[in-house]
Novice: 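Below is a structure I'd like to ask you about.
Here the structure is a predicted model, which is why all the values come from computation and not from measurement. In the text below, chain A, chain B and the rest are named by the order of the sequence lines, each starting its count at 1.
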Amino acid sequence: MRIASWNVNSAKARLDHITGWLKADNADILMMQEIKSQDENFPHDAFTDLGWHIAVHGQKSYNGVAIASRFPIDDVMNGLPGDDADEQARYIEATINGVRIGNIYLPNGNPAPGPKFDYKLSWMARLYDRAVELLATEMPVVLGGDYNVLPQDVDCYDPAAWVGDALTHDDSRAAFFKILHAGYMDALRALHPSGVHYTYWDYQAGAWQRDNGLRIDHLLLSPEAGDRLTDVGIDRAPRGLEKPSDHTPIWCQLRD
DNA sequence: ATGCCCCCGTCCCGGGGA
């Protein structure tokens with residue numbers, strides 16, 4: 001089973017790219033972030049017409065996450081537990097084919113310090129708590145999405161230029177590695193311990209043409225999922241299309 | 001040092017993105 005994550009930067013603006021990518025048999029499950037759509041305006045039919053299932057947790061204009069799947073989607077949970085006052089649509093979780101899928105759109109957090117950075121760190125603390133709860137279920141768990149964290153300097157085209165940014169901040173990195181230390185595996189680094197593997201290139205300043213990228217989209221696997229990991233990759237092709245998202249898909253293959 | 005670009009919305013600017 002192939003599980004992918006893609007920050008699409010608007011489901012409606014990117015609909016042809018998304019359906020084209022699914023039709024090319026690139027994945028069985030796709031986690032999408034930044035759908036920028038309310039549930040009622042989401043293009044559900046574009047997925048169901050292909051025979052796919054779809055679960056959506058959206059809001060107006062900003063944020064929003066969705067899961068598309070070839071298999072039925074069960075036990076859907078909208079929102080990350082831990083703060084009933086949080087109205088930003090950044091998390092959806094569901095069970096698909098026996099795997100618990102957590103789809104994450106983690107706050108950017110800039111500028112740091114400030115209230116937006118505080119929100120990022122509090123969100124990451126809630127994510128840690130949920131991640132630990134999920135480990136206790138002993139299900140295979142995949143926590144995938146746009147983490148807005150550059151784990152190491154090698155994951156940034158110019159680390160010196162990003163010092164002090166919320167994506168490279170020591171507190172952001174510490175919160176990310178705290179989840180790994182609890183028992184999750186960074187799928188990309190599990191199979192490619194070193195080397196440059198970007199998932200995002202800014203629209204500005206010719207970042208794509210210069211390969212000035214970042215690795216901020218991650219697939220974190222519980223031990224039960226990690227034991228089944230056979231392959232992982234980043235598909236750069238969608239970033240090269242006309243009117244692309246600024247992110248491109250990352251995927252992992254789990255043996256059946 | 002700053003902006004470049006892109007998306008959204010009771011919309012032609014401003015907020016947000018990273």
Novice: Just by protein heavy atoms under 4.0 Å, how would nucleotides 10-18 of chain B read 5' to 3' in B, S and -?
Specialist: S----BSSB
Novice: Between B:dG3 and B:dG14, how far apart are the P atoms? Round to whole Å, please.
Specialist: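 B:dG14 and B:dG3 have their P atoms separated by 15 Å.
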Novice: For B:dC11 versus B:dC6, give the span between their C1' atoms, rounded off to a whole number of Å.
Specialist: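 After rounding to an integer number of Å, I get 16 Å for this pair.
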Novice: Would you please name every residue forming a salt bridge (Lys or Arg N to Asp or Glu O under 4.0 Å) with A:Asp235, sequence neighbours left out?
Specialist: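 A:Asp235: no salt bridge (Lys or Arg N to Asp or Glu O under 4.0 Å) contacts found.
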Novice: Using the criterion of both pairing distances under 3.5 Å for Watson-Crick and G-U wobble pairs, give all stems of 3 or more consecutive pairs involving DNA chain B.
Specialist: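 In DNA chain B, stems of three or more pairs: B:5-9 with B:13-17.
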Novice: Which ring pair (Phe, Tyr, Trp, His ring centres under 6.0 Å) pairs, counting each pair once, include a residue from residues 79-105 of chain A, with sequence neighbours left out?
Specialist: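 Every candidate ring pair (Phe, Tyr, Trp, His ring centres under 6.0 Å) pair involving residues 79-105 of chain A fails, so no pair, neighbours aside, qualifies.
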Novice: Among pairs that include at least one residue of residues 147-156 of chain A, which meet side chain to side chain donor-acceptor pair (under 3.5 Å), considering only residues two or more places apart or in two chains?
Specialist: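 The answer is A:Asp153-A:Arg173, A:Asp155-A:Arg189, A:Asp155-A:Arg215.
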Novice: State which residues pass side chain to side chain contact (heavy atoms under 4.5 Å, CB included) with A:Val76; sequence neighbours excluded, sorted by chain then number.
Specialist: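 Result, side chain to side chain contact (heavy atoms under 4.5 Å, CB included) vs A:Val76: A:Ala55, A:Ile73, A:Asn78, A:Ile92, A:Ala94.
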Novice: Expressed in angstrom and rounded to an integer, what is the separation of A:Trp208 atom CH2 from B:dC4 atom C1'?
Specialist: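 Rounding to the nearest Å, CH2 of A:Trp208 and C1' of B:dC4 are 19 Å apart.
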Novice: Say you pick atom C1' in B:dA18 and the same atom in B:dC7; how far apart are they, in whole Å?
Specialist: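 Taking atom C1' in both B:dA18 and B:dC7, they lie 14 Å apart.
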Novice: From CD of A:Gln209 over to C1' of B:dC5, roughly how many Å is that when rounded to an integer?
Specialist: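 Whole-Å distance recorded here is 12 Å.
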Novice: Applying side chain to side chain contact (heavy atoms under 4.5 Å, CB included), name anything that partners A:Asp256, two or more places apart in sequence or on another chain.
Specialist: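 In terms of side chain to side chain contact (heavy atoms under 4.5 Å, CB included), with neighbours along the sequence ignored, A:Asp256 is linked to A:Met1.
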Novice: Rounded to whole angstrom units, what separation is found between the CD atom of A:Glu242 and the P atom of B:dC5?
Specialist: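 One finds 15 Å between P of B:dC5 and CD of A:Glu242, rounded.
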Novice: Does a side-chain N or O from A:Ser61 land closer than 4.0 Å to OP1 or OP2 of B:dC7, or not?
Specialist: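 For B:dC7, OP1/OP2 do not have a side-chain N/O of A:Ser61 under 4.0 Å.
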Novice: Restricting to pairs with a member in residues 203-213 of chain A, which pass side chain to side chain donor-acceptor pair (under 3.5 Å), not counting sequence neighbours?
Specialist: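 Side chain to side chain donor-acceptor pair (under 3.5 Å) check on residues 203-213 of chain A returns A:Asn9-A:Tyr203, A:Trp201-A:Asp211, A:Asp211-A:Arg236.
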Novice: Less than 4.5 Å apart, any side-chain heavy atom of A:Trp52 and any of A:Arg70?
Specialist: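 Yes - at least one pair of side-chain heavy atoms lies under 4.5 Å apart.
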Novice: Looking at A:Arg14, does any N or O in its side chain come under 4.0 Å of the phosphate oxygens OP1/OP2 on B:dC7?
Specialist: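 A:Arg14 to B:dC7 OP1/OP2: side-chain N or O found under 4.0 Å.
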Novice: Under 4.5 Å side-chain heavy-atom separation, chaining through any Ile, Leu, Val, Met, Phe, Trp or Tyr, what else clusters with A:Tyr62? Say none if it is isolated.
Specialist: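 Direct or chained contacts put A:Tyr62 with none.
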Novice: Can you tell me the distance, in whole Å, between the CD1 atom of A:Ile35 and the P atom of B:dC8?
Specialist: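 Spelled out: CD1 on A:Ile35 to P on B:dC8 is 12 Å.
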Novice: Rounding to an integer number of angstrom, what distance separates B:dC4 and B:dG15 when you compare their P atoms?
Specialist: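 Per the computed distance, 15 Å lies between those P atoms.
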Novice: Hey, what's the ring geometry for A:His197 with A:His192, parallel, tilted or perpendicular (30° and 60° as the breaks)?
Specialist: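 A:His197 vs A:His192 ring planes: tilted.
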